[in-house]
Protein chains: 2
Amino acid sequence: MDAELIAAVRRFNRTVTQRVGALDDEYMARGRPLAQARLLWEIGPGGAEVAALRARLGLDSGYLSRLLRTLEGDGLVTVGPADQIGGDGRVRSAALTETGQAEWTELDKRSDEFAWTFLEPLNAHRRQRLVAAMAEVERLLVASMVVIAPCPPSDPRARACVRAYAREVARRFDAGFDPALSNPVHDDALVPPAGVFLLATLNDEPVGCGAVKLHRDAPAEIKRVWVSDAVRGLGLGRRLLGELERYAADRGWNAVRLDTNRNLTEAIALYRAVGYREIEPYNTEHYAHHWFEKSVPDGT
Amino acid sequence: MDAELIAAVRRFNRTVTQRVGALDDEYMARGRPLAQARLLWEIGPGGAEVAALRARLGLDSGYLSRLLRTLEGDGLVTVGPADQIGGDGRVRSAALTETGQAEWTELDKRSDEFAWTFLEPLNAHRRQRLVAAMAEVERLLVASMVVIAPCPPSDPRARACVRAYAREVARRFDAGFDPALSNPVHDDALVPPAGVFLLATLNDEPVGCGAVKLHRDAPAEIKRVWVSDAVRGLGLGRRLLGELERYAADRGWNAVRLDTNRNLTEAIALYRAVGYREIEPYNTEHYAHHWFEKSVPDGT
DNA sequence: CCATATACCTGACCTTAGTCAGGTATATGC
DNA sequence: GCATATACCTGACTAAGGTCAGGTATATGG
């Protein structure tokens with residue numbers, strides 16, 4: 001741990017996040033309790049389902065209900081059944097009344113004004129620099145906010161990742177990608193104890209994935225490592241690979257291997273960088289040009 | 001107002017300040033109420049006077065007393081008379097007990113760990129970039145956190161600024177600076193209605209100043225514009241000049257003038273940039289080589 | 001159709017944060 | 001030495017944030 005870097009981050013946390021965060025809250029609140037203001041904001045002009053609000057704001061179900069009743073009492077919000085056709089009759093949905101819309105617009109305006117207080121004292125050149133630096137901080141902090149956790153391959157978020165993976169290889173392989181020509185991977189093989197599917201999420205949105213199959217009497221096999229464009233270049237691929245290797249190692253496997261297409265050059269570079277070495281083909285995957293193996297240290 | 005820049009700042013506020021700020025609080029709190037944890041932190045290994053804590057944390061006097069009693073009750077802090085020799089007998093000072101010291105060290109360690117969570121997933125190169133971007137954001141946000149307000153020239157913070165100003169010109173003038181050779185400025189001339197002294201503060205620390213004398217039957221005269229190294233290059237000098245000009249204009253003066261030394265090149269560049277034009281000498285200031293004047297629009 | 005799960009709700013309750021009106025002891029200007 | 005200000009304190013009070021144990025209505029798997 002580099003003490004100087006840590007000190008710099010701490011200074012930033014103190015002066016920027018604490019101070020700006022507190023001011024932002026004040027602007028947002030406008031005399032109203034902050035929790036109410038935030039909720040009003042999250043409901044937004046388009047309305048939102050109660051469950052979604054609960055998840056986004058991380059509130060207790062009872063607490064959220066009470067907040068909604070208060071906003072209803074103030075004539076800012078109406079809560080009614082979510083009117084999806086044939087939808088779940090228990091689900092309810094909150095929408096802004098006309099007064100609520102006006103209030104939301106006011107909040108939006110004040111948020112703009114608050115942001116402007118940072119830009120206003122600067123000249124055009126420094127404004128650009130500030131915004132660029134903010135974007136850089138934001139992007140690099142994203143790396144620490146990505147959560148990697150096991151997930152059933154049947155989960156809609158997992159499916160979304162695999163579809164994105166397929167779309168990407170279709171775009172990059174020389175002759176597209178036809179799943180029928182490729183060795184199939186069954187869900188069952190990616191569910192413990194046969195293997196695992198890891199999902200990487202950023203604020204609960206899927207941004208990457210990876211899977212490993214624990215073959216009987218053979219090295220474990222890594223499949224479907226994919227990282228969303230939004231978070232590429234932040235070391236997520238490396239982290240996913242590491243977690244998959246550790247998963248296999250912890251369960252007694254001492255080597256992992258994988259196949260890949262020659263067009264995925266950054267992936268190949270990554271494999272080499274983290275210690276994979278090229279081996280003879282161990283399967284007949286139609287789209288593979290390279291096969292790699294890495295021995296993984298015992299998990300004990 | 002540039003909508004794109006504003007949107008970028010708002011995104012930053014949302015993802016960085018809100019999220020990181022909230023996490024930082026959690027780390028800090030460790031099960032203890034946040035206000036207590038913050039107070040414990042602010043007391044620090046060296047102890048602190050109660051008044052200083054009140055100012056730094058912005059707490060109500062009664063509330064702070066109660067927090068101190070709680071920490072005392074938990075055996076973390078002792079509060080006793082501030083033992084300055086011949087000091088004010090009303091002033092009291094808080095210090096950490098041994099347990100309190102241990103707790104403080106733990107908070108410090110956790111703060112380090114929290115900062116490390118941002119750095120850890122990045123490689124060395126990106127760590128440097130993150131820290132550099134954070135420093136840039138911090139520096140540019142400072143501009144919006146500087147508060148300019150009138151202040152009696154006898155205020156200790158005003159005196160500190162004027163001393164810093166004198167030190168700086170002593171360093172930069174060709175033959176040093178001897179106040180006895182320079183036209184004196186009396187405090188009375190910088191107190192309304194004769195004139196005003198403006199103090200620029202950042203978190204209540206003085207970081208700049210400027211004064212204007214409202215001469216009878218003559219243009220107003222700007223004196224002692226100084227900006228601390230810590231905030232130089234953020235447009236504070238320009239802001240101070242603008243406020244001084246407005247002060248004079250609002251009171252019926254339609255021109256301001258000032259004298260300056262040839263070595264203060266950035267100041268001279270600033271004067272020209274904001275509309276001052278060079279005039280014949282209007283006084284016999286020993287250290288002046290240039291005299292400037294600007295007409296200021298009526299305040300009505 | 002029954003058992004169980006889920007989505008949302010209500011009521012009871014608690015802690016934390018913070019304000020305000022005095023109170024006591026010391027300092028300060030005249 | 002008196003009036004007034006100041007530094008810190010106590011007690012009474014309030015609002016906000018939040019938890020928890022049920023309750024009701026709808027969904028779901030067998």
Side-chain angles (χ1 to χ4, degrees), chain A residues 18 21-22 25-26 28-43 47-74 77-95 154, chain B residues 18 21-22 25-26 28-43 47-74 77-95 154-156:
Chain A
Q18 292 295 350
D25 284 351
E26 258 178 63
M28 192 72 168
R30 317 209 316 116
R32 194 188 309 285
L34 184 57
Q36 280 177 41
R38 269 210 234 281
L39 176 53
L40 187 73
W41 175 258
E42 281 297 333
I43 293 171
E49 294 190 355
V50 173
L53 294 170
R54 204 162 47 227
R56 258 186 281 167
L57 293 164
L59 297 176
D60 171 86
S61 150
Y63 185 30
L64 175 58
S65 276
R66 185 144 323 108
L67 287 172
L68 284 170
R69 290 303 85 69
T70 311
L71 290 178
E72 266 188 322
D74 293 352
V77 161
T78 52
V79 180
D83 33 32
Q84 296 167 298
I85 317 100
D88 189 323
R90 296 165 301 179
V91 173
R92 307 231 297 159
S93 176
S154 56
Chain B
Q18 293 294 348
D25 284 351
E26 257 179 64
M28 193 71 169
R30 314 211 319 115
R32 194 188 309 286
L34 184 56
Q36 280 178 40
R38 270 209 234 281
L39 175 54
L40 187 73
W41 175 259
E42 281 297 334
I43 293 172
E49 294 190 355
V50 174
L53 294 170
R54 204 162 46 226
R56 258 186 281 166
L57 293 164
L59 297 177
D60 172 86
S61 149
Y63 185 29
L64 176 58
S65 276
R66 184 142 326 107
L67 287 173
L68 284 171
R69 291 301 85 71
T70 311
L71 290 178
E72 266 188 322
D74 293 352
V77 161
T78 53
V79 180
D83 33 31
Q84 296 167 296
I85 317 99
D88 190 324
R90 295 164 302 180
V91 172
R92 307 232 296 158
S93 176
S154 55
D155 185 290

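Labels below follow one simple rule: chain letters A, B, ... track the order of the sequence lines, proteins then strands, and each chain is numbered from 1.
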note = To the nearest angstrom, the CG-P distance between L57(B) and dA17(C) comes to 12 Å

request  = Mind running salt bridge (Lys or Arg N to Asp or Glu O under 4.0 Å) on D25(B) and R38(B) for me, showing each step along the way?
outcome  = CA-CA 9 Å; D25(B) 284 351; R38(B) 270 209 234 281; 3.5 Å; yes

task = Between dT10(C), dG17(D), dT19(C), spot the one nearest the side chain of Y63(A), thanks.
result = dG17(D)

D74(B) CG to dT16(C) C1', straight-line distance once rounded to whole Å = 15 Å

note = Winner on side-chain proximity to D88(B), out of dC8(C), dA17(C), dA27(C), is dA27(C)

inquiry  = Which nucleotide wins on minimum distance to the side chain of S61(B), given the candidates dT6(D), dG17(D), dC9(D)?
reply    = dC9(D)

remark   = By nearest-heavy-atom nucleotide on DNA chain D, the more 5' of A35(A) and G62(A) is A35(A)

ask   = Taking atom CG of L39(B) and atom CG of L53(B), what is their separation to the nearest 0.5 Å?
value = 6.0 Å

request  = Specify the separation, in whole Å, of atom CD of E49(B) and atom C1' of dA7(D).
outcome  = 11 Å

remark   = When rounded to whole Å, the CZ to P distance for the pair R69(B) and dG11(D) reads 11 Å

task = Could you please name the option among dC9(D), dG17(D), dA7(C) that lies closest to any side-chain atom of V91(A)?
result = dA7(C)

message = As a test of reading the structure: which of dA7(C), dA16(D), dG18(C) is closest to the side chain of P33(A), going by heavy atoms?
response = dA16(D)

Positive for side-chain contact (heavy atoms from CB on, under 4.5 Å) with E49(B), one of V91(B), D88(B), I43(B) = V91(B)

Rounded interatomic separation in angstrom, taking CG from L53(A) and P from dC9(C) = 10 Å

d(CZ, R38(A); P, dA16(D)) in whole Å = 15 Å

query = Under the 3.5 angstrom rule, does the side chain of E72(A) hit a backbone N or O of V79(A) as a donor-acceptor pair?
reply = yes

query = Rounded to whole angstrom units, what separation is found between the CD atom of Q36(A) and the P atom of dG18(D)?
reply = 12 Å

inquiry  = Rounded to whole Å, how long is the line connecting atom CG of D60(A) with atom P of dC9(C)?
reply    = 12 Å

request  = Report which part of the nucleic acid L64(B) touches: base, sugar-phosphate, or nothing (heavy-atom distance under 4.0 Å, all strands).
outcome  = nothing

Phosphate-side-chain proximity, R66(B) and dT10(D), N/O vs OP1/OP2 below 4.0 Å = no

remark   = Winner on side-chain proximity to R90(B), out of dC9(D), dA25(C), dT26(D), is dA25(C)

request  = Kindly say if R54(A) contacts the phosphate of dA7(C), meaning a side-chain N or O under 4.0 Å from OP1 or OP2.
outcome  = no

Out of dG18(D), dT19(C), dC8(C), whichever nucleotide has its closest atom nearest the side chain of L59(A) = dG18(D)

request  = Measure the CZ-CG distance between R66(B) and D60(B) for me, rounded to the nearest 0.5 Å.
outcome  = 8.5 Å

